[in-house]
Amino acid sequence: MKRDGATISIWQNNMPDYISQTHTLRAEIYDVLIVGGGITGISTGLLLQKAGKKCMIAEAKTIGFGTSGGTTAHLNTFMDSPYNEIEKNFGEGSAQLVFTSAKQAIDLIEKNIKEYNINCEFSEQPGYLFSQDKKQSKELEDIFEASKKAGCDVVYSDSIPVSVEFNKAVIFKKQAQFHPAKYLYALAKAFEDAGGTLVQGCRITGVNKNSPLEMESDRGKIIARSLIYATHVPPGVNPLQFYCAPYRSYAMAVTLKDNNYPDGLAYDMYDPYHYYRTQEIDGEKYLIAGGEDHKTAHKENTEACFTKLESYLHRYFDIAEISFKWSSQYFQSTDGLPYIGYLPGNPLNVFVATGYGGNGMTYSHIAAKVLTDMIVLGKSEYKKLYDPKRIKPVAGFTDIIKEAADVVGNLIGKWFPSSKINELADLAHGEAKVVKYESHSIGLYKDENGNVHAVNPACTHIKCKVAWNNAEQSWDCPCHGSRFDADGEMLTAPARKNLEKIDLREINE
Ligand code: FES
């Protein structure tokens with residue numbers, strides 16, 4: 001199972017790529033085209049297909065290539081944005097609706113597991129949230145009160161399942177965990193068995209907003225009555241990207257010498273917070289822990305985030321072996337709730353689901369339900385709550401779109417002398433940097449074999465300068481989270497195009 005970086009998550013291990021039943025585009029009009037074969041795209045596709053809609057899912061790479069293959073797969077009814085904040089920003093009624101929708105999302109996952117007999121190690125778990133100082137304890141009390149009001153089954157606890165010192169703790173009952181890749185693959189199969197079309201390696205390159213919609217892809221034209229972007233932020237330029245900040249989160253799966261694996265999910269209250277849980281795969285238990293989140297491309301040495309997480313874990317756990325370490329990307333909305341519904345600036349048959357924060361597994365299924373209801377019934381009880389149109393207009397947006405059109409190709413036909421560039425950069429193996437040469441910026445990476453990879457570091461979305469992510473060996477954009485591999489090939493939207501590759505040539509002087 002491939003992913004969007006150099007590290008390997010625990011879920012990828014021993015998982016082959018998903019083989020879809022359809023490999024070429026069919027000449028037909030779909031009711032709904034879903035862009036993105038992650039957990040949002042697949043779960044939404046299945047619900048729509050079951051409701052009688054003819055659906056196609058187009059995945060640019062392979063199923064689970066993005067964040068769905070790199071999650072730590074916590075299923076929560078309490079969110080990164082706690083209920084006291086939701087209540088403050090949106091009102092008490094909205095906090096109750098968030099809880100109800102989250103509960104329904106977990107119920108839907110459980111229902112899918114039963115209906116399709118999915119063996120994905122789903123288990124209900126208590127979720128512990130604990131404070132470690134006075135300020136956090138006060139905040140925990142506020143969260144407790146607001147969560148109770150919202151509908152959560154939450155009680156105070158004298159203990160937590162990890163050996164970390166704490167002041168106060170609460171237990172959210174009926175949280176859950178599962179193996180996301182096994183679940184995703186089974187759901188994809190159920191979608192195809194129900195008559196859905198799933199094409200991998202199919203990137204949507206343009207949308208003509210006719211009626212019905214006509215999509216260009218690198219595999220040909222696709223026609224559909226409705227379109228859903230399940231790609232985190234939508235590709236291209238959309239005001240929504242200015243309201244969703246990309247973050248990286250770091251995770252590790254470790255074995256423990258003392259076998260003292262936590263019974264339950266646990267979360268501290270630092271910002272960024274640490275999170276813990278246990279997973280058993282093929283008879284082997286692992287502690288999965290995560291944290292050290294930061295805005296994408298805002299940390300110079302991302303490998304150091306793993307080191308920091310590891311030394312933090314060593315303080316509290318008797319680690320036998322670090323079996324897996326990986327990072328993944330999520331998008332955080334500015335007001336704490338995701339954007340699920342009509343995509344701003346588009347006709348009312350174009351939908352989006354993004355801004356999940358760290359609650360992607362739960363919000364993906366909320367999105368599946370909301371979008372299916374909106375498309376099938378024309379309404380959803382959660383439409384207003386998650387409406388993306390609550391964002392304000394972005395100043396100078398037309399100029400931004402114009403600029404985006406000029407971004408690519410400014411080094412076409414140019415080449416640079418390899419030895420001069422190498423001398424200037426003076427890279428060690430495994431190192432990358434952006435150098436200036438004759439007023440041009442060049443992004444260089446020297447791989448472990450000594451081969452130099454050169455790209456134009458101007459992001460093909462709207463020109464921000466990409467930065468090297470040494471943990472994942474990718475060029476990441478600090479503005480809206482596009483990511484590219486060492487040769488500039490796109491890993492993550494919203495960019496639609498690869499970084500320009502730079503031609504380095506040996507010259508005889
Ligand atoms: Fe927007 Fe790079 S992702 S400029």
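Note that ligands are numbered from 1 as they come in the structure, with each ligand's atoms numbered from 1 the same way.
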* Asked: Which class fits the ring pair Tyr270 and His274: parallel under 30°, tilted 30 to 60°, perpendicular over 60°?
  -> perpendicular
* Asked: Does NZ belonging to Lys465 count more than 12 external heavy atoms closer than 6.0 Å?
  -> no
* Asked: Near Leu25 CG, under 6.0 Å, is it more than 12 heavy atoms from other residues, nucleotides or ligands?
  -> yes
When you check the gap from the basic side-chain N to the acidic O, do [X] and [Y] get nearer than 4.0 Å?
{"X": "Lys325", "Y": "Glu303", "answer": "yes"}
{"X": "Asp373", "Y": "Lys369", "answer": "yes"}
{"X": "Arg483", "Y": "Asp476", "answer": "yes"}

* Distance filter under 2.8 Å, centred on atom 2 (Fe) of ligand 1 - protein N, O or S atoms that pass it -> Cys459 SG, Cys477 SG
